[in-house]
Amino acid sequence: MKKYVFLSIAIVLIYFFQSFYNATGGIGADSLSYFGIASDLPGLETNLFPLGFPVVIEFFHKIFGDYFWSSKMLNISMVITILLFSYFRKFYFKETVLLFGGKTLFFALNWAASEGLFVFILYFLIYLFHQRFQNQIKSKFFIIFASLLFILLFSVRYSGIYIFLGFGVFWMIMFLKNKFTPLNRDFFKVLLFSGSGILAYLIFNQYIYGSFTGENLRGAPAQYYAVYILRDVLGVINVVDPFIAIKPASNSVVSIAFQVCLMLVDLMLLRYFIKLVRKKKNVINFDFHRLIWVVSGVYAIALFISGYFQQIEEMNVRMLAAANFCLFFSFLIIYFKDLKSDRFIFRLGCFFLLFLTGYSLKMPSNYFNNRKQIEVQMPKFSHKKYLYNNERGGEESLTTYHVPIIKKTFQYKHTSNQKGDVKHSIAGTINPQIKWLKYDTIKDKSQVLYTSEIILK
């Protein structure tokens, strides 16, 4: 157990310091959107994203007075809370620690994104279901708090409706099998109460904003090209992989071939997982794990389908974070059941924690140095209303990599290290009232802060 305690301490340190050496501090375009909504509170300007994450960010902003530190302290608080809860409640502590060596938690809790809060809530929802399946929690307590967590999931990410839908599908399976057992009655009440809360939120959105989930703000879905459909399919299959999710932006033959090879690895992992379940079926709580699998599968498939009806990102780690998190947690719990030696899985977790850290810092940069340069310039742009990165497509910063064995070199463009993107992320973090633009459509250009106006050496 001691080695997991030491690893958990290392996790807290890595998760805290990692973004300091990221050029943008782990801030992306969606982060700026959330910061913008948070800075508008209590005003309600847009429902493009739900209010849950901005409200929490604004709460932390009241304490720390800065949106970068607000997101940073929120993330590290969630890391510490999960680890302490798991340790003191004796809720799969070893498995929980190893979760932080996986791609989902590493991404979700090292970047300023709603996925961190989303999987944080999902972790405690899984705990409640686990305890209810084990009859270690009172029925009334379970119904109240499980319903509340479902509503909170939806208030953080609209895709929380797919978690709810997955639970509904599982309940239907259980009902057809066992009818109204006490467990099924509790599940039905959770569906009823949480469904009512989600419906109330949708009605609130319709009344305040004139749309249920900001569907009128996303624009038409992108055109369907075979290569993008293939990339989405590969992304969905990759949900079974707990560690590797390298997805180059290029659609070259080499890039697609690499992703297909990764898919073969994913399918082998899935095959191993199925064999493991069959081997340990009689010593695990099968219904609990089946709930997790159904929720994960419904979430991934529903998200994949919804991508062709609205303008959202392709299927990647971020979009499928909840599904991957569920599957990885289920795998670890089953793997550790009646395990004779944890040496291999512990070393594997440590290796990928270091790998993900190294991969995320391919080109380490001093965030605070970048921020210091931009921060002193922002007061003269306080009259600006919009922020636009007009340096895309211009001079690019390329990283040269040397492959020693075959003695070859290749260059790769890292988006987060491009000067325009760095200036865009930092300027929007310092003053989120300057709303970022995806396209330069504002007629009065004097209202727009172009990244080329900001100096970054």
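When reading the values below, keep in mind they use all heavy atoms of this one structure, side chains included, and skip hydrogens, waters and symmetry mates. A quick note: this is a predicted structure, and the numbers were derived from the prediction, not measured.
No hydrogens or angles considered: a donor-acceptor pair under 3.5 Å links the side chains of Ser330 and His289. Side-chain contact check for Tyr34 and Ser114: at least one donor-acceptor pair (N or O, by modelled atom type) lies under 3.5 Å. With 3.5 Å as the limit, one finds a donor-acceptor pair spanning the side chains of Asn238 and Lys103.
Ring geometry, Phe68 versus Phe20: the interplanar angle falls from 30° to 60°, so the pair is classed tilted. Between Phe329 and Tyr123, the ring-plane angle classifies as parallel under the 30° and 60° cut-offs. Relative orientation of the His130 and Tyr92 rings is perpendicular, given thresholds of 30° and 60° on the angle between their planes. Between Phe304 and Tyr308, the two ring planes are perpendicular [angle over 60°; tilted spans 30° to 60°]. Classification of the Tyr299-Phe118 ring pair by plane angle, with boundaries at 30° and 60°, yields tilted.
Crowding of Arg271 atom CZ: a count of heavy atoms from other residues, nucleotides or ligands under 6.0 Å not exceeding 12. Sparse packing is recorded around CZ of Phe344, with 12 or fewer heavy atoms of other residues, nucleotides or ligands lying under 6.0 Å away. Around the CZ atom of Phe6, the shell of radius 6.0 Å holds no more than 12 heavy atoms that belong to other residues, nucleotides or ligands. Within 6.0 Å of the OH atom in Tyr87, the count of heavy atoms belonging to other residues, nucleotides or ligands does not exceed 12.
Here the closest heavy-atom approach between residue Thr213 and residue Leu202 is recorded as CG2-CD2, 3.8 Å. Taking every heavy atom of both residues into account, Trp69 and Asp66 meet most closely at N-OD2, 3.0 Å.
Taking a cutoff of 4.0 Å between a charged side-chain nitrogen and a carboxylate oxygen, Lys435 and Asp40 qualify as a salt bridge. Salt-bridge annotation for Arg132 and Asp186: present, with a side-chain N of the basic residue lying under 4.0 Å from a carboxylate O of the acidic one. In summary, Asp342 and Lys3 engage in a salt bridge, as defined by a charged side-chain N under 4.0 Å from a carboxylate O.
Considering CG of Leu153 and CZ of Phe164, their distance stands at 11.5 Å, rounded to 0.5 Å. For the atom pair Thr46 OG1 and Asn205 CG, the distance stands at 9.5 Å (nearest 0.5 Å).
Between Phe187 and the choices Phe129, Phe175, Trp171, the ring pair (Phe, Tyr, Trp, His ring centres under 6.0 Å) rule is met once, by Phe129.
Figure legend: cation-pi geometry between Lys281 and Phe286, with NZ or CZ positioned under 6.0 Å from the six-membered ring centre and within 45° of its axis. For the pair Lys140 and Phe142, the cation-pi criterion (under 6.0 Å, within 45° of the ring axis) is not fulfilled.
Val12 meets the side chain to side chain contact (heavy atoms under 4.5 Å, CB included) test with Ile76, Val79, Ile80, Leu83; sequence neighbours excluded.
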